[in-house]
Amino acid sequence: ASLKAAGNPTAHGDTLAGGGITGKAGGDIRLGGQVGSAGSQQWSAGGDFSADKGMEAAGLSVEGRNIRIAGDVLSQGAVNMKAGQKLQLGGDLRSAGSTTLSAGAEGITAKSILTNEDLDIRSQGNIALEQAQAARDVRLESPAGSIATGNLLAGRDAGVTAAGNVLVD
């Protein structure tokens, strides 16, 4: 399935595909229902990206000024999310591949993140996580902010670097 718009596409119901999903917009992308695909999903918004429910895919890539996903994110492959300002994950993120999250000055907030490979989270702002776990390496980096996380578990190496405070609780 493919969704392309110069403006602001909105889907109020579920978005489901037997293959992959590609969504590209010059403005905001708003997804009101569950988003699921047997293949990979690639979303790119010139404005904000928001999903009111969960997302499930073979692999997931999301780019936008601000990214907000209210439900759980489940991926059979890699997860890559890049927000120019703020990244908010309201549910759990589970990835069979590596997970890379990045955001600008408004930071990253997330619940539980579990990946079967590497976990790399970088933000110019603060990073706040309830739990971060990877079967291999975990890297949390905030060159201009602070980092707070609950459980931090790495199968190999863990690195946490912040300009401000670091709290592992």
Could you tell me the separation between the [atom1] atom of [X] and the [atom2] atom of [Y], rounded to the nearest 0.5 Å?
{"X": "Arg65", "Y": "Lys82", "atom1": "CZ", "atom2": "NZ", "result": "15.5 Å"}
{"X": "Glu63", "Y": "Ser44", "atom1": "CD", "atom2": "OG", "result": "5.0 Å"}
{"X": "Gln76", "Y": "Ser37", "atom1": "CD", "atom2": "OG", "result": "10.5 Å"}
{"X": "Asn126", "Y": "Ile147", "atom1": "CG", "atom2": "CD1", "result": "9.0 Å"}
{"X": "Thr99", "Y": "Asn80", "atom1": "OG1", "atom2": "CG", "result": "8.0 Å"}

Give a yes or no answer on whether the side chain of [X] reaches the backbone of [Y] with a donor-acceptor pair at less than 3.5 Å.
{"X": "Ser142", "Y": "Ile127", "value": "no"}
{"X": "Ser95", "Y": "Gly77", "value": "yes"}
{"X": "Asp28", "Y": "Asp48", "value": "yes"}
{"X": "Gln41", "Y": "Glu56", "value": "yes"}
{"X": "Gln34", "Y": "Gly54", "value": "yes"}
{"X": "Thr115", "Y": "Gly97", "value": "yes"}

Closest approach of [X] and [Y], non-hydrogen atoms and distance?
{"X": "Ala162", "Y": "Ser146", "answer": "CB-CA, 4.3 Å"}
{"X": "Lys86", "Y": "Asn66", "answer": "N-OD1, 3.1 Å"}
{"X": "Pro143", "Y": "Ala163", "answer": "O-CB, 3.0 Å"}
{"X": "Ala154", "Y": "Val138", "answer": "CB-CG2, 3.7 Å"}
{"X": "Ser75", "Y": "Gly59", "answer": "OG-CA, 3.4 Å"}
{"X": "Arg30", "Y": "Asn8", "answer": "NH1-CB, 4.1 Å"}

inquiry  = Atom CG of residue position Asn165 - does it have more than 12 heavy atoms of other residues, nucleotides or ligands inside 6.0 Å?
reply    =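 No, not enclosed.
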
In the structure I gave you, are the side-chain heavy atoms of [X] and [Y] within less than 4.5 Å of one another anywhere?
{"X": "Asp52", "Y": "Ile69", "result": "no"}
{"X": "Leu152", "Y": "Leu140", "result": "yes"}
{"X": "Thr22", "Y": "Leu3", "result": "no"}
{"X": "Leu101", "Y": "Leu87", "result": "yes"}
{"X": "Gln131", "Y": "Lys111", "result": "no"}
{"X": "Met55", "Y": "Leu60", "result": "yes"}
{"X": "Trp43", "Y": "Leu31", "result": "yes"}
{"X": "Lys24", "Y": "Ile29", "result": "no"}

Is a side-chain donor-acceptor pair under 3.5 Å present for Arg94 with Ser112?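 Judged by distance alone, the side chains do pair up.
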
query: Is a salt bridge present between Asp157 and Arg136, judged by a nitrogen-to-oxygen distance below 4.0 Å?
result: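 Looking at Asp157 and Arg136, the cut-off is not met.
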
* May I ask you to say whether Asp137 pairs ionically with Arg156, meaning some side-chain N is under 4.0 Å from a carboxylate O? =>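 So Asp137 pairs with Arg156 through a salt bridge.
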
Hey, which of Leu167, Thr149, Val166 is the one that makes side chain to side chain contact (heavy atoms under 4.5 Å, CB included) with Val160?
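Only match with Val160 under side chain to side chain contact (heavy atoms under 4.5 Å, CB included): Val166.
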
Exercise for the section: Among Leu93, Asp92, Val35, Ile113, find the residue that satisfies the side chain to side chain contact (heavy atoms under 4.5 Å, CB included) test when tested with Val73. Expected result: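 Only one of Leu93, Asp92, Val35, Ile113 forms a side chain to side chain contact (heavy atoms under 4.5 Å, CB included) with Val73, namely Leu93.
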
Report task. Under the salt bridge (Lys or Arg N to Asp or Glu O under 4.0 Å) rule, what do Asp118 and Arg139 come out as? Steps first, then yes or no, please. Result -> CA-CA 8 Å; Asp118 297 322; Arg139 180 174 179 177; over 6 Å; no

- request: Let me see the working for Asp72 and Lys53 under salt bridge (Lys or Arg N to Asp or Glu O under 4.0 Å), right down to the final yes or no.
  value: CA-CA 7 Å; Asp72 293 341; Lys53 295 192 178 173; over 6 Å; no

- Query: Do Leu129 and Leu153 share a hydrophobic cluster (ILVMFWY, side-chain heavy atoms under 4.5 Å, transitive)?
  - Reply: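 No, separate clusters.
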
- request: Evaluate the criterion side chain to side chain contact (heavy atoms under 4.5 Å, CB included) for residue pair Ile121 and Ile108; output intermediate values, then yes/no.
  value: CA-CA 9 Å; Ile121 301 177; Ile108 296 173; 3.6 Å; yes

